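Remember, predicted model here, so these are calculated numbers, not experimental data. Count residues from 1 along the sequence. Side-chain atoms are counted along with the backbone in the values below, which use heavy atoms only and exclude waters and symmetry mates.
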Amino acid sequence: MRPTAHALHLLRDYPNALRVRAGTLTTRVPRAWAGGSGRPVVLIPGVYETWHFLRVIGDALSAAGHPVHTVPALGINTLTIPQSARLVTDLLTRRDLRDVALVAHSKGGLIGKQVLTGGDPDGRVDRLIAVASPFGGSAMARWTPWRTMKAFLPTDEVIRTLTGSLEANARITSVFPRFDPNIPEGSHLDGARNVEIPVVGHFRILDDPAAVAAVVSAVEA
């Protein structure tokens, strides 16, 4: 894709992120999310994100009868992937959750895979549904000055280790847009169930009806 077209897609996508960011100061976790008798779900947002970015998906899962949990200890998700995975595991243990579906966005998918590949000794997690996750890293990370973002370089040791952990892929559903300006390499994951959504955008996909339906279907499959 031409650089000008790539930049245009980025500019069109980020208002979606800013709109969600504006609601993080006033919106609390919905009480309704605590109810339901279906498979429990734990939401894992991306870097610099809170659970609010997965609000539309969380509402849909709650409406389908699934109790939906967040991980407050993640904050805005700037810790390393292994550190973040331990926080997720701690929550699973503390709340005694079992047969869990992790539902994640972007970096959250990497955290979820880290849990699947050794961070879940009690076998509490059944599956991971990741939306627009850089499973192979993202070359875009080389253009950012922030260390937190540099962790997504394809050459990063954690990324390389997760890429080589193929056994967990069979338990992952990767949902991704037709083109992701933040992950130009794409989110297709060998050995996983891959679902492409006809939308462009790293954030726009989070409230796309087809993407939301794909996540709910994958949780219930």
Side-chain angles (χ1 to χ4, degrees), residues 1-2 5-21 23 38-39 41-66 68 70 77 101-113 116 126-141 152 154 159 162-163 168-221:
M1 178 172 290
R2 291 178 300 174
H6 192 162
L8 184 60
H9 285 310
L10 281 170
L11 290 173
R12 288 175 174 172
D13 195 31
Y14 271 91
N16 295 278
L18 295 175
R19 173 176 50 80
V20 177
R21 180 74 67 193
R39 172 177 282 114
V41 172
V42 174
L43 301 182
I44 312 177
V47 65
Y48 300 131
E49 296 177 10
T50 59
W51 64 266
H52 301 78
F53 282 75
L54 290 158
R55 172 65 188 267
V56 174
I57 291 174
D59 282 342
L61 288 165
S62 177
H66 300 277
V68 179
T70 64
N77 207 355
L102 302 178
V103 173
H105 176 235
S106 194
K107 176 188 177 182
L110 299 174
I111 296 169
K113 186 171 181 181
L116 291 181
D126 180 74
R127 64 190 65 184
L128 164 65
I129 300 90
V131 181
S133 289
F135 286 111
S138 172
M140 292 291 289
F152 302 124
I159 295 291
L162 289 175
T163 300
N169 292 0
R171 298 163 61 193
I172 298 174
T173 297
S174 182
V175 181
F176 49 84
R178 177 172 57 82
F179 177 70
D180 189 332
N182 285 54
I183 314 171
E185 301 89 342
S187 299
H188 186 278
L189 184 64
D190 289 343
R193 179 171 178 260
N194 292 281
V195 182
E196 181 178 306
I197 305 298
V199 65
V200 173
H202 189 68
F203 299 102
R204 187 175 296 174
I205 191 174
L206 291 173
D207 57 8
D208 181 87
V212 175
V215 171
V216 175
S217 176
V219 168
E220 297 183 336

*Between Ser138 (side chain) and Phe152 (backbone), is there a donor-acceptor pair under 3.5 Å?*
no
*Taking the side chain as every heavy atom from C-beta outward, state whether Tyr48 and Lys107 have any atom pair closer than 4.5 Å.*
no
*Arg127 (side chain) donor-acceptor with Ala221 (main chain) under 3.5 angstrom*: yes
_Could you tell me if the side chain of Ile172 sits less than 4.5 Å from the side chain of Phe135, heavy atoms only?_
yes
*Using a 4.5 Å cut-off on heavy atoms from C-beta on, say whether the side chain of Val212 contacts that of Asp207.*
no
*Between CZ on residue Arg171 and CG on residue Asp126, distance to nearest 0.5 Å*: 6.5 Å
*If every non-hydrogen atom of Leu162 is compared with every non-hydrogen atom of Leu110, which pair is closest and at what distance?*
CD1-O, 3.7 Å
*Which heavy-atom pair separates Ile159 from Pro134 by the least distance, and what is that distance?*
CD1-O, 4.4 Å
*Look up atom CG in Asp190 and atom NE2 in His188, then write down how far apart they are to the nearest 0.5 Å.*
6.0 Å
*asked:* Testing Asn194, Ile183, Val195 one by one against Phe176 for a side-chain contact (heavy atoms from CB on, under 4.5 Å), which residue passes?
replied: Asn194
*Is any side-chain heavy atom of Val68 closer than 4.5 Å to a side-chain heavy atom of Leu54?*
no
*asked:* With rounding to the nearest 0.5 angstrom, report the OG to NE2 distance, Ser133 to His202.
replied: 7.5 Å
*Quick one: does Leu43's side chain get under 4.5 Å of His105's, heavy atoms only?*
no
*Hey, could you give me the OG/CG distance between Ser106 and Asn77, rounded to the nearest 0.5 Å?*
9.0 Å
*Looking only at heavy atoms, what is the nearest atom pair of Asn182 and Asp180, with distance?*
N-OD1, 2.9 Å
*Heavy-atom pair with the smallest gap, counting every atom of Glu220 and Ala64*: OE2-CB, 3.5 Å
*So Lys113 and Asn169, side-chain contact (heavy atoms from CB on, under 4.5 Å) or not? Walk me through it.*
CA-CA 8 Å; Lys113 186 171 181 181; Asn169 292 0; 2.8 Å; yes
_For the student: nearest non-hydrogen atoms of Val41 and Val219, plus distance_ = CG2-CG1, 4.0 Å
*Distance-minimising heavy-atom pair for Gly201 and Pro177*: O-CG, 3.6 Å
*Which distance, rounded to the nearest 0.5 Å, do you find between the OG1 of Thr70 and the NE2 of His52?*
9.0 Å
